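Reviewing the structure listed below.
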There are 2 protein chains.
Amino acid sequence: MNEAQYPIQLVARLTGLSAHVIRIWEQRYRAVEPQRTATRRRLYSQRDIERLNLLREVTHAGHSIGQVAQLPMAQLQKLVAASLNLQGRATHAVGETPAPSSFLDECVAAIKSLDGHALDDALKRAATALGALGLLQRVVAPLTQTLGELWREGTLTSAHEHFATATIRVFLGNLAKPFGAVDDAPVLIVATPAGQVHELGALLVGAIAANLGWQVTYLGTSLPAAEIAGAARQTRARAVALSLVYPEDDPRLEGELTLLRASLPGEVKLLVGGRAMAAYREALEKLGALPIGNLAQLGSTLDLLRKPKSKARQ
Amino acid sequence: MNEAQYPIQLVARLTGLSAHVIRIWEQRYRAVEPQRTATRRRLYSQRDIERLNLLREVTHAGHSIGQVAQLPMAQLQKLVAASLNLQGRATHAVGETPAPSSFLDECVAAIKSLDGHALDDALKRAATALGALGLLQRVVAPLTQTLGELWREGTLTSAHEHFATATIRVFLGNLAKPFGAVDDAPVLIVATPAGQVHELGALLVGAIAANLGWQVTYLGTSLPAAEIAGAARQTRARAVALSLVYPEDDPRLEGELTLLRASLPGEVKLLVGGRAMAAYREALEKLGALPIGNLAQLGSTLDLLRKPKSKARQ
DNA sequence: ATAATTTATACAAAAATTAGACAAACACAG
DNA sequence: CTGTGTTTGTCTAATTTTTGTATAAATTAT
């Protein structure tokens, strides 16, 4: 564990605190007490840096440094999580990444025991540790898959699934409105078409898009094509994103998709993703829909769509 | 258990009270007496904050601070629950009277134009102006009715309804976790039975119950009786609340309700409310379900059920 | 030598404290 | 309805505490 290698200037850059503040916090409150070289130079460890990051968060949230400086890490994390209740802000942590899978396990355990508070708590901590996008890619996305598997094998009932959806929904909903209204942000409609009842994929898309600067209008699940198209026209959306997950063999879905494409203005792009997407690939190709195979692809596709018009408009 | 570290400024933000008021309430009525630092700075605990939140609700409902400031928490919660009765009364303390209907209009307008940001904003302002419970009974509850009417008369499409549900859902979800887990709080399961697809009523119940000190496990819509009963057993719930709104003539629903009652432990109470409740009244009576005709009734019923186990808690 | 760190000290802005004053709203007796 | 005293939220002012930032001299790294 002798990994204390970071000089103060670098720590300052990594934490966003000035070297002055870091020293004074140590001198006055013993907030962190780094190792020293033989000549009394400070050498900070990863843990020290993480602690400083937490302290920055907590003080930024309104706590006084003098009161929180000596609290143990767990307590600090709790305070940060509590402060997230009001302002869903995502912060990118440094290079720690404390076992991303453990967050997943925590979430699964909380869902199994129907403990909403524990689930919310785990998600919050994951959000602070991994940042918004990291949370989505490394916890929520795998979680939806895991839930599907556990459900198929009978470990979880649909009550668990509903419960998890309800809790995660609120969490992602908060994540999806990080920025103040940017009026010139392009609008994205997110929904699942009629017959598709799984919601988490759509929520995921909405949250990611919002974090990429889109103005997301989230419509929820199982919506007829005409409704989606109507909403797109009304909001002058630039694109519509659909998530297809569960019924992989719905004969009516192709008709819905065709109708949707026909009802949408030509310049409105249609993004389609989700586990069940592959089953409808031919139909989607015919319609010129953009297939989204994974979250990375979603990000790059959204970025592509974001540029064209905002340039022309400026 | 050294959990007192919130400085007054932060508490002011969290409770919506000014620091002035918080201090004067302490000086005049000893409403809350926070810990002090060695230099006489106030340090509030989460419990203190919770108490201040309750006091804000109660005074906002029209009680005078001098009369309620010293009441124990349980009593305050009871008053808050009872304040749901004062639905008709419009005016109370201080010259606010911010025309509660205007909030409603704002919300409806935002929903019509599918503007999630505006809707969220209106709800937020209503929440600070009216308090959590005031928001629920004077904005959200009427809103669900208004939406139903507009939908029936064709002004709104189901896209609007989905959109509104999704946004309000997130908002109510946040409202439903007022503060730290109180471990001895009774558990309430909230859901709609299979076939019932309207969610807002259930969300409303969940949010209100959470604000009255229940630990709410929210399961969402259209859940089979066996699943609901399973969740109730697993969480050792004290009661199950169902919301019935849309299909008023579902022949299977009676069977679902009977099955649910039979699958639940005898001591678990069954609360049923919602616009469609009347249509199933006979069946409900036979099952010994507690009918919830309005929000006031919900408050008093929850308060009654709350007592048996927990008695005195500061 | 130049740049970075360390320690100690100083300083100023922000935040919190107490005490007191004041006006609007309210309750109630006449 | 009016007048009176009480309640309650807001405000000011003077003081103390907290906290971030700056300065200076000595020491160390490159």
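Just so it is clear: chains get the letters A, B, ... in the order the sequence lines come, proteins before strands, and each one is counted from 1. Worth knowing before you read on, the calculation uses all heavy atoms, side chains too, and leaves out hydrogens, waters and symmetry mates. All figures in this text were calculated on a predicted structure; none of them were measured in a lab.
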Go through the side-chain N and O atoms of [X] and [Y] and say whether any donor and acceptor fall under 3.5 Å apart.
{"X": "B:Y218", "Y": "B:E199", "value": "yes"}
{"X": "A:D48", "Y": "A:S45", "value": "yes"}
{"X": "B:Y6", "Y": "B:Q46", "value": "yes"}

Could you grab the distance from atom CG of B:L114 to atom CZ of B:F163, nearest 0.5 Å is fine?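 So the gap between those two atoms works out to 5.5 Å.
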Using only side-chain N and O atoms of [X], determine if any of them is under 4.0 Å from OP1 or OP2 of [N].
{"X": "B:W25", "N": "D:dG9", "result": "yes"}
{"X": "A:Y29", "N": "D:dT18", "result": "no"}
{"X": "A:Q27", "N": "C:dA8", "result": "no"}
{"X": "B:T39", "N": "C:dA16", "result": "no"}
{"X": "B:R23", "N": "C:dT17", "result": "yes"}

Nearest whole angstrom, please: distance from the [atom2] of [N] to the [atom1] of [X].
{"X": "B:R42", "N": "D:dT17", "atom1": "CZ", "atom2": "P", "result": "15 Å"}
{"X": "A:L10", "N": "C:dA4", "atom1": "CG", "atom2": "C1'", "result": "13 Å"}
{"X": "B:I24", "N": "C:dA24", "atom1": "CD1", "atom2": "C1'", "result": "16 Å"}
{"X": "B:L52", "N": "D:dG9", "atom1": "CG", "atom2": "C1'", "result": "15 Å"}
{"X": "B:Q67", "N": "D:dT7", "atom1": "CD", "atom2": "C1'", "result": "10 Å"}
{"X": "A:L17", "N": "D:dG20", "atom1": "CG", "atom2": "C1'", "result": "11 Å"}
{"X": "A:I65", "N": "C:dA15", "atom1": "CD1", "atom2": "P", "result": "15 Å"}
{"X": "B:I22", "N": "D:dG9", "atom1": "CD1", "atom2": "P", "result": "12 Å"}

Side-chain donor/acceptor of A:R138 to backbone N/O of A:F103, under 3.5 Å: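 No: the side chain of A:R138 does not pair with the backbone of A:F103.
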Sidechain-backbone polar pair: A:T37 side chain, A:R41 backbone, donor-acceptor under 3.5 Å: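 Pair found, side chain donor or acceptor close to backbone of A:R41.
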Just how large is the angle between the end axes of the helix from C:dA1-D:dT30 to C:dG30-D:dC1, five pairs per end, to 10 degrees?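 One end's axis against the other's: 40°.
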Which of the following nucleotides, C:dT6, C:dT17, D:dT10, is nearest to the side chain of A:R41?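 In terms of side-chain proximity for A:R41, the closest of C:dT6, C:dT17, D:dT10 is C:dT6.
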State which of C:dA15, C:dT17, C:dT6 makes the closest approach to the side chain of A:R36.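 Taking heavy atoms from C-beta onward, the closest nucleotide is C:dT6.
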Considering heavy-atom distances to DNA chain D, does B:S18 or A:H20 have its closest nucleotide positioned more toward the 5' end?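 Counting from the 5' end, the first nearest nucleotide belongs to B:S18.
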So B:W214 and B:R238, do their side chains get closer than 4.5 Å, heavy atoms only?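 A side-chain contact exists here, since the closest heavy-atom pair is under 4.5 Å.
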If you assign B:R40 and B:R28 each to the DNA chain C nucleotide with the nearest heavy atom, which residue ends up on the more 5' nucleotide?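 The answer here is B:R40.
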